[in-house]
Amino acid sequence: MQSWRDNLRRVTPYVPGEQPDKKKVIKLNANENPYPPAPAVMKAREKIRHLRRYPDPTASSLVRAIAGYHGLKESQVFVGVGSDDVLALSFLTFFNSDKAICFPDITYSFYDVWADLFRIPYEQKALDERFHIRVEDYYPENGGVIFPNPNAPTGILMPLSRIRDLLDHNRDVVVIIDEAYIDFGGTSALPLIDEYDNLLIVRTFSKSRSMAGVRIGYALGSEDLIRGLNDVKGSFNSYTMNQPSLVLGEASLKEESYFRDTLRKIIETREWLKEELLRLGFCFPDSKANFVFASHSRVPARDIFEAARKKDIYVRYFDRPRIDQYLRITVGTREEMELFVDFLEDYLFNINTGKF
Ligand SMILES: *Cc1c(COP(=O)(O)O)cnc(C)c1O
């Protein structure tokens, strides 16, 4: 007996951070930006019109704005519905070899989901004991490489010298660097796209530009890579970018000083949080992102996660091998982080005296 069920594409979907519908929570579980988008974005809402019509399928106004912002040609920019859309299309476009693509064992947990969905063979390369990527693992022949820089959920930044080394050993495959968190103090590999026509840089408006709800992501690379992406996108869905997000995205790029100010505040709060976490007995790799990946010397991460949740403080906990003693804590406003640290102080003090 045949059933349609035998031919179902079976997938295990990615699970995003919880979005509680209660109002008064401290939400440090999805690496969202605690500050609102630039005032220019809120103002540009008045310019949203023509909703009756299809949007520009080439998203040319936003492509032009992004190209101008980075000093690139428009033909070097591809935009999509959040970087998840850009990344998924990149997997479909560039990872078509019989050889396995490579990415770290501890990384953005969407990569293995897309590889499974598109039936792309993959190998996960173990991070070293300090959670650093071992570049030598990526030397052998493969079907492509992808990793975030800084890596998620560790926050560890790979220096340009090692990225160059990885690229020099991978000239015949596409290397994708997911720079979702690069604005929080990292050095971008963007200048290398002139030298390496197989390097694709993927960015998002969700984290550093406070626009997760708008869904804008983009890729930067050689004209050939971008043409490849546009051809696949045009074979899948002509109108990925809606008219409001084209307008709002362009507005965000015009307010550089607000953007820089927001980043500075988050970086300052992150560095303050690191000191407080050390004082409370946590250890963590040095993060260059808008989150800290921390483990307590005595108290199980799951217990802290659950106790925080009861107090309406949401952080991210991954029940996976090697990282189940860690919490990924998004850097919110200074006030939010002070409340979180107060909670930790109370909680850790009370379990010491057995009262919690
Ligand atoms: C958040 C995140 C993304 C996806 O962001 P979008 O909201 O889809 O733009 C991609 N990669 C990494 C590593 C992320 O953390």
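Order of appearance sets the numbers: ligands from 1, and atoms from 1 within every ligand.
In this structure, atom 12 (C) of ligand 1 lies nearest to the protein heavy atom Asp178 OD2, 3.4 Å. Lys207 NZ, 2.5 Å is the protein heavy atom nearest to atom 2 (C) of ligand 1.
Ring centers of Phe293 and Tyr326: under 6.0 Å apart, within the cut-off. In this structure, the ring of Tyr239 has its center less than 6.0 angstrom from the ring center of Tyr54.
Heavy atoms from other residues, nucleotides or ligands lying under 6.0 Å from CZ of Phe236 number 12 at most. Shown here is Asp6, whose CG atom has more than 12 heavy atoms of other residues, nucleotides or ligands within 6.0 Å. Around CZ of Arg130, the count of heavy atoms belonging to other residues, nucleotides or ligands within 6.0 Å does not exceed 12.
Counting the atoms of ligand 1 from 1 in the order shown, those under 4.0 Å from a heavy atom of Gly82 are 8 (O), 9 (O). Near Arg215, meaning under 4.0 Å from one of its heavy atoms, ligand 1 places the atoms 6 (P), 7 (O), 8 (O).
For Arg264, the salt bridge (Lys or Arg N to Asp or Glu O under 4.0 Å) test picks out Asp261, Glu268, with sequence neighbours left out.
By the 4.0 Å heavy-atom criterion, Asn31 is excluded from the residues contacting ligand 1. Within the structure, ligand 1 has Tyr181 among the residues with a heavy atom less than 4.0 angstrom away.
Below 3.5 Å of separation, one finds an N or O of Asp84 facing an N or O of ligand 1.
Contacts with ligand 1 closer than 4.0 Å are made by side-chain heavy atoms of Ser206 only, the backbone lying farther away.
Residues Tyr181 and Asn31 have side chains that bring a donor and an acceptor to within less than 3.5 angstrom of each other.
Summarising the contacts of atom 10 (C) of ligand 1 with Ser83, Gly80, Ala152, the nearest heavy atom is found in Ser83.
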